[in-house]
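Report on one structure; see the data block that follows.
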Number of protein chains: 2
Amino acid sequence: MNEAVVLTSERILEVTEDVLRRYGLAKATVVDVARALDVSHGSVYRHFPSKASLREAVAKRWLERVSRPLAQIAAEPGPAPAKLERWLRELFDAKHKRVCEDPEMFATYLTLAREACAVVKAHKQELISQVEGMIAEGVAQGAFDVADPKIAAAAIFDATRSFHHPAHADEWADCTCSTRVDAVLTLLLRGLAAR
Amino acid sequence: MNEAVVLTSERILEVTEDVLRRYGLAKATVVDVARALDVSHGSVYRHFPSKASLREAVAKRWLERVSRPLAQIAAEPGPAPAKLERWLRELFDAKHKRVCEDPEMFATYLTLAREACAVVKAHKQELISQVEGMIAEGVAQGAFDVADPKIAAAAIFDATRSFHHPAHADEWADCTCSTRVDAVLTLLLRGLAAR
DNA sequence: GCGCTGACAGATTTCAATATCTGTCAGCAC
DNA sequence: GTGCTGACAGATATTGAAATCTGTCAGCGC
């Protein structure tokens, strides 16, 4: 009963990421993954019903690595405005770092995400509800003046797309980027603030 | 001297748009354009040094059809906040209409624009400076409280990307879209407002 | 029984031959 | 002289045959 050699979904996902990194998205096949795991490709299909579902699971893992640390920030106590700002900056940082440190792998994950549209939708909803929580908190603290925290959260998400949506990743290397982040955050926090 | 049959750059551009509409971006060739104009393809190359420059000119025309009516709004007299809101809504409407009424042609123009990156950059700068003008006006009127109109204009542009950047066009048909536009505009105008 | 293998059919991708297009230019027509 | 044509070379796209991959499943080994 050696744990290390048991074939689990988790192990398949890890090796799949390696294979994607090594071969690139276009060339990585299920056969390659099976070879890297030293099993037949039929075995992989015992854990994932299709190549698409395997890719979807890889995308999900990737998105969870973004949303988990953010959930932690959202759960912390303290004044909502500062927390919201920190949360947003952390989100932007996480994305910007990923694209800067390994642009190829970012492109790979991006394509995976495009294919796994349902997973991305759930991820977006998760992030928006974290924001909603912080805005509701701010309202309770008397710091924010907002009619509907749900709608305001969606608005914050929409208004910061330039800095977290991968379609704009090519601008994230721009040297004016941090100034632009500051300007948008200032505008939005002023817009939320009670007066 | 029949004006109608003289081969001008303008006439080539018009016919090129027709050809793009008829054949689609991938299949439209310079030979097709020349055939539609009833001249040899060599003649087209007297007016445009390359296929790329012809496509660029088509993209430029398209973008100008967006920015011209907006410039008119920006030039009107009146209170800046209402004008800025009207300007932004007009921008969103113009884009949304284009994608709804003819999605195929929108996709064509989008690809042209991607190839003509310099033209798009200039278009963005043009739009941002129109916004800058309105913000400066608002500051002069005492309606806006903003340190640097240039930076604020860029921030307004960034914060409204969801509704004017073609990467998000697939969301513009969403029924919640108009609510989301309202929410973001409310937030941004509150953020700009003097208090 | 349970999990894995590997042969298989149909779908997809690759590759090289073939066809078409881009961009040039000598020469023709006005 | 001016502006257009159409043949041409090199670049790019298309096509169809061959190779590879995906997803299934009967059967093997534990």
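Grouping the Ile, Leu, Val, Met, Phe, Trp and Tyr side chains by contacts below 4.5 angstrom, directly or via other members, places B:Phe144 with A:Leu188. Grouping the Ile, Leu, Val, Met, Phe, Trp and Tyr side chains by contacts below 4.5 angstrom, directly or via other members, places A:Val33 apart from A:Val31.
Look at B:Glu171 and B:Arg180 and you find a salt bridge, because one of the NZ, NE, NH1 or NH2 atoms lies within 4.0 Å of a carboxylate O, short of that distance. Of the charged side-chain nitrogens involved, none lies within less than 4.0 Å of a carboxylate oxygen, so that B:Asp38 and B:Arg35 do not count as a salt-bridged pair.
A:Glu56 is linked by a side chain to side chain contact (heavy atoms under 4.5 Å, CB included) to A:Ala116, A:Val119, counting only residues two or more places apart in sequence or in another chain.
Whole-Å rounding puts the A:His41 NE2 to C:dA9 P distance at 14 Å. To the nearest angstrom, P of C:dG6 lies 11 Å from CG of A:Asp38.
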TODO: Step by step, work out the side chain to side chain donor-acceptor pair (under 3.5 Å) result for B:Tyr109 and B:Glu17.
DONE: CA-CA 10 Å; B:Tyr109 282 125; B:Glu17 278 190 29; 3.0 Å; yes

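Using a distance-only test at 3.5 Å, with no hydrogens or angles considered, a donor-acceptor pair links the side chain of A:Gln141 to the main chain of A:Ala80.
Contacts between residues 43-57 of chain B and DNA chain C, defined by a heavy-atom separation under 4.0 Å, are made by B:Tyr45, B:Ser50, B:Lys51. Within residues 15-34 of chain B, the residues that have a heavy atom under 4.0 Å from DNA chain C are, in order of number, B:Thr29, B:Val30, B:Val31.
Classification of the B:Phe92-B:His96 ring pair by plane angle, with boundaries at 30° and 60°, yields parallel.
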